[in-house]
Protein chains: 2
Amino acid sequence: MKDLYKEMNKAMQGTPVMAMSFLKDFFLRTRHITLYACCMAVLVFLLKWLQWKLLIVDNSLDIYIGLIALFFTMLGIWVATQLVKPKIKTVVVEKEVYITPQDSPVINEAELKKLHLSTRELEVLRLLAKGHSNAEIAEQLFLSLSTVKTHASNLFVKMDVKSRTQAIEKAKRLKITA
Amino acid sequence: MKDLYKEMNKAMQGTPVMAMSFLKDFFLRTRHITLYACCMAVLVFLLKWLQWKLLIVDNSLDIYIGLIALFFTMLGIWVATQLVKPKIKTVVVEKEVYITPQDSPVINEAELKKLHLSTRELEVLRLLAKGHSNAEIAEQLFLSLSTVKTHASNLFVKMDVKSRTQAIEKAKRLKITA
DNA sequence: GCGAATTTGGTACTAAAGTATGAGTACCTT
DNA sequence: AAGGTACTCATACTTTAGTACCAAATTCGC
């Protein structure tokens with residue numbers, strides 16, 4: 001709301017064109033609320049008119065109420081369907097895809113790209129796969145132990161493994177290391 | 001409905017006990033509808049009473065209608081929640097499962113013999129090289145964690161390495177594991 | 001049978017790995 | 001200018017790995 005006030009001030013000091021653009025922007029941002037308000041207004045007038053019209057015919061009050069009941073029941077259903085929407089249950093179905101890794105001596109670039117590893121993470125992985133400890137990797141890459149641990153941890157998440165040993169095994173299996 | 005008629009005929013021909021059981025069964029099966037009907041009946045009477053009562057106070061018609069609208073909106077929402085089945089969005093997660101083809105060139109028996117590993121040590125090494133933790137290895141070989149640790153420790157001495165990661169690297173390099 | 005090697009398991013300890021969180025910098029894109 | 005990503009580093013903590021030392025039971029060759 002503060003921002004809105006700011007923008008209004010800003011617009012007031014500008015040219016008429018800027019004011020127009022502000023109004024347009026304001027309308028676009030609040031068009032949902034405006035639309036609802038208009039609908040409500042129309043509805044109220046309609047009801048008032050119906051009330052007046054139908055009250056002349058004395059016995060049609062039942063029909064009137066019935067219509068209202070019907071309408072609001074529908075409205076309720078519609079509202080409910082709108083409210084229910086975000087409650088989407090996600091059922092995860094695991095689909096097993098068997099792939100036959102080609103026994104190419106070259107590094108499997110395709111599999112490597114799938115992992116979306118960053119430069120540093122890949123460097124860490126390479127040294128990791130050589131059997132180096134975190135401390136050794138830190139020394140070789142001129143990093144702190146903390147940084148290596150961070151990279152390694154992120155690496156394990158991306159590779160969907162839980163330890164460096166699994167990472168090594170997977171890296172060798174996918175042939176993404178030398 | 002046909003089935004219902006059939007069942008009724010069938011029940012009529014039976015003993016009173018059977019008829020009773022049929023009625024109980026019938027009630028259990030239709031208790032939802034019955035409940036709805038009862039609720040509706042009560043509601044209608046309530047409305048009629050409200051109508052008569054409130055019409056005396058002339059200007060309260062608006063409140064009356066408002067209450068009806070509110071009530072039926074709620075009813076609509078409730079009905080909708082009962083009717084609308086939870087939308088289930090199935091997210092298919094493709095999990096890639098790799099087959100290790102038996103293309104592995106012969107295991108380097110010569111290098112393996114040089115290490116003078118015992119049977120258990122080799123078993124531990126094989127699982128180690130698959131990326132398993134000591135706890136997992138213990139579980140698979142029906143051993144205690146202590147034993148696995150002992151084997152692993154002895155293994156590292158024999159392989160002249162200082163950690164399981166180095167052992168894996170060396171094992172893969174010498175092709176002494178599958 | 002005896003000794004060596006193997007296997008199994010324990011305790012106690014240290015070292016390393018891994019997780020979680022926060023935070024600052026740098027670069028790039030919109 | 002703002003937001004996102006990558007990179008860096010730190011602290012604090014839990015878990016796992018690894019070492020050392022010990023002690024049974026078993027196996028196997030001599």
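Reminder, nothing fancy here: chain letters follow the sequence lines and each chain counts from 1.
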- Message: So, taking the atom named CD1 in B:Ile176 and the one named CG in B:Leu122, what distance separates them when rounded to the nearest 0.5 Å?
- Response: 7.5 Å

- Query: Is the distance from OP1 or OP2 of D:dA6 to the nearest side-chain N or O of A:Arg120 less than 4.0 Å?
  - Reply: no

- Message: To the nearest 0.5 Å, what is the distance between CD on B:Glu139 and OG on B:Ser133?
- Response: 8.5 Å

- Message: To the closest 0.5 Å, what do you measure between CD (A:Gln140) and CG (A:Leu127)?
- Response: 5.0 Å

- Message: Output the rounded distance in Å from CG (A:Leu141) to P (D:dT8).
- Response: 8 Å

- Item | Distance, rounded to the nearest Å, where A:Phe142 contributes CZ and D:dC9 contributes P | 12 Å

- Message: Mind checking if A:Thr147 touches a base, just sugar-phosphate, or nothing, with heavy atoms under 4.0 Å?
- Response: base

- Task: Round to the nearest Å and state the distance from A:Leu122 atom CG to D:dT5 atom P.
- Result: 20 Å

- Query: Does A:Ser146 make a side-chain N or O approach to OP1 or OP2 of D:dT8 shorter than 4.0 Å?
  - Reply: no

- Touch check for A:Leu143, heavy atoms < 4.0 angstrom, all strands: base, sugar-phosphate only, or nothing? sugar-phosphate

Can you check nucleotides 18-21 of chain D for protein contacts, nitrogen or oxygen pairs under 3.5 Å, and list what you find?
unit_1 : atom_1 : unit_2   : atom_2 : d
D:dG18 : OP1    : B:Arg164 : N      : 2.6
D:dG18 : OP2    : B:Arg164 : NH1    : 2.5
D:dG18 : N7     : B:Lys149 : NZ     : 3.4
D:dG18 : O6     : B:Lys149 : NZ     : 3.0
D:dT19 : OP2    : B:Ser153 : OG     : 2.8

- Between D:dT16 (C1') and B:His132 (NE2): distance, integer Å: 16 Å

- note: A:Leu117, atom CG; D:dA6, atom C1'; distance rounded to Å ~ 13 Å

- Item | Salt bridge A:Arg126-A:Glu123, side-chain N to carboxylate O under 4.0 Å | no

- Query: Nearest-Å distance, CD (B:Glu123) to P (C:dT6)?
  - Reply: 14 Å

- Query: Reckon A:His151 has a side-chain N or O less than 4.0 Å from the OP1 or OP2 of D:dT8?
  - Reply: yes

- Task: Kindly write out the residues that satisfy side chain to side chain contact (heavy atoms under 4.5 Å, CB included) with A:Glu121, not counting sequence neighbours, or none if the list is empty.
- Result: A:Leu117, A:Ser118, A:His151, A:Asn154, A:Leu155, A:Lys158

Please tabulate the protein-to-nucleotide N/O contacts below 3.5 Å involving nucleotides 25-30 of chain C, giving atom names and distances.
none

- Item | Donor-acceptor contact present, side-chain B:Lys170 to main-chain B:Met159, <3.5 Å | yes

- Is a side-chain N or O of A:Lys172 found less than 3.5 angstrom from the main chain of B:Lys172, in a donor-acceptor match? no

- Counting only N and O atoms by type, is there a donor-acceptor contact under 3.5 Å from the side chain of A:Thr150 to the main-chain atoms of A:Ser146? yes

- Query: Atom CG of A:Asp160 and atom C1' of C:dG18: how far apart are they, to the nearest Å?
  - Reply: 16 Å

- How many Å lie between CD on A:Gln166 and P on C:dA17, as a whole number? 16 Å

- Item | B:Arg173 side chain vs A:Lys130 backbone, donor-acceptor pair below 3.5 Å | no

- Task: Identify whether any heavy atom of A:Ser133 sits under 4.0 Å from a base atom; if not, whether one sits that close to sugar-phosphate; answer base, sugar-phosphate or nothing.
- Result: sugar-phosphate

